[in-house]
2 protein chains.
Amino acid sequence: MTVVGNMRESKLAGVALWRRIADEIRLDIVGARLARGQRLPTEAKLAERFSANRHTVRRALAMLAQEGVIRAEQGRGVFVQDARRVFYRIGPRTRFSEGIDGQDRQVRGALMSHAQEHASSEVAKGLDIKPGAPLIRLETMAFVDEAPFSRSTHWFARERFDGIAEAYAARLSITAALQGFGVETYTRHSTRITIRHAEAEEIIQLGLSPGAVLLRAEGIDIDAEGKPIQFLVTRFPGDRVELLV
Amino acid sequence: MTVVGNMRESKLAGVALWRRIADEIRLDIVGARLARGQRLPTEAKLAERFSANRHTVRRALAMLAQEGVIRAEQGRGVFVQDARRVFYRIGPRTRFSEGIDGQDRQVRGALMSHAQEHASSEVAKGLDIKPGAPLIRLETMAFVDEAPFSRSTHWFARERFDGIAEAYAARLSITAALQGFGVETYTRHSTRITIRHAEAEEIIQLGLSPGAVLLRAEGIDIDAEGKPIQFLVTRFPGDRVELLV
DNA sequence: AGCCATTTGTGCGTATGTATA
DNA sequence: GTATACATACGCACAAATGGC
């Protein structure tokens, strides 16, 4: 475990000490892949390690307990509750449910809303259509082990995929929905990965705490002929996911 | 531009309002790729947009000015100083300098330190060698337009690449250094991408502010025969980089 | 049972940081 | 710049639960 220098030096950072301690402990737990049930150092030891007051450490632990990462038992100690990151595979053949497979996890999709709209210049460029062309936008969520795992926005050209919202709602799978439109297979053409902070709505939907960091993946899927099918943006909670390229 | 709901609701988040405002403005600038020299809304307008006091907005702007993202001119306004994200390409053929090319950027590498050590179980697994086998570890940095852009740690099996630290120091290129060992070409076997918070040392080396978020890419390079050559971990400042897969 | 050390949970006082008006 | 309210962080003390002797 790496000890952060003098955490008190950075009071002017705008990030509370208890929050930075929580982030670091979470990293130790999730990053080191500690087993469920394993015991953490005592509050006193953690306080010493971070050169902080025990109250401050307790504030950090309270947050992690709230997140379900740890569980405290009076007189016994603090124990790891859920440690694993979810792996998500990105490659030429990127499918949501397949990306999670082999991890003994339960995956579920949900359609939050859908709308008809017109292509912005960015989406138009990605889908290789004219700006302003009619689109269908799907807002979806995925749950892993019943916990919110990702929020995605999908854009499809309406000319070719009119009715895809209903198809997705019925099957809760993009792959299955696309097969209804004659797309037997598709491949991931490109993916752009960035980081940003969660906005208010995302904090609520993904069950995060304010200031949480998201991993954002923006991708374009193409069919067998190389024609763009889908432009999508997926946001993952930064501390729950590991992308495998 | 997206407005965060009621930012005042999250006082218990452990992240100061001025910090969240700074993060959001930075995102608008960097993410929306505003042009250098473009003017930001007045402090009064920003205060209204974030439902915050002008003092609080000024605090946020002070941080961004400190980072070099914006520049305030008395009586004229606040202007974008440096806006673009650096794109970094990850694929079968991942080379550092090539990853940045075509972006009109100046790239420079540096060797911070090197050491001999023995393989941890994780590195051993990645390099397909025995745990405890002798290794050479390189700690490098890369600068883009003279600003710190990434911190990497490279591991090579000492048996095959003894002297690679000196070779790297002479050429400041992993690709060139490897050619001295008869490796004409190599490919990226796998990459794992995660997020974490910067530690004290990384904050100093990369010129970040406390609480900054890093994008961490862990990769394995293999030679033409499929034998692992290099195990490496690269940390990028989250708000300066965009990974293209 | 009792006793004790360990560990988490709770309360209070104080100083400083954050945000508003 | 000043005044006010709340959040953060610290320090000390003590209560409550656990487990070993």
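Here the structure is a predicted model, which means the values were calculated and not measured. Throughout, protein chains are lettered first and strands after them, A, B, ... in sequence-line order, and every chain is numbered starting at 1.
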Which letters describe nucleotides 4-11 of chain C, given B = protein heavy atom under 4.0 Å from base, S = only from sugar-phosphate, - = neither? ---BBBBB
Under 3.5 Å, sequence neighbours excluded: what are the donor-acceptor pairs made by side chains of residues 231-238 of chain B?
from: B:T234; atom 1: OG1; to: B:S152; atom 2: OG; distance (Å): 2.8
from: B:R235; atom 1: NE; to: B:E202; atom 2: OE2; distance (Å): 3.3
from: B:R235; atom 1: NH1; to: B:T153; atom 2: OG1; distance (Å): 3.0
from: B:R235; atom 1: NH1; to: B:V233; atom 2: O; distance (Å): 3.2

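B:T56 has no side-chain polar atom (N or O) that falls below the 4.0 Å cut-off from OP1 or OP2 of C:dT18.
Regarding A:W18, its CH2 atom lies at a distance of 14 Å from the P atom of D:dC10, rounded to whole Å. Summarising the geometry, the separation between CG on A:N53 and C1' on C:dA15 is reported as 13 Å, rounded to the nearest angstrom. The CG-P distance, from A:L46 to D:dC10, rounds to 14 Å in whole Å. Per the geometry, CZ belonging to A:R19 stands 12 Å off P belonging to D:dA9, to the nearest Å.
Base pairing analysis places D:dG1 opposite nothing; no Watson-Crick or G-U wobble pair with both distances below 3.5 Å involves it.
For the salt bridge (charged side-chain N to carboxylate O under 4.0 Å, His left out) test, no residue two or more places apart in sequence or in another chain qualifies with B:E201.
The shortest side-chain heavy-atom distance between A:M141 and A:P148 falls under the 4.5 Å cut-off.
Across every non-hydrogen atom of B:L172 and B:G109, the tightest pair is CD1-O, 3.5 Å.
Using modelled atom types, one side-chain atom of B:R151 and one backbone atom of B:T140 make a donor-acceptor pair closer than 3.5 Å.
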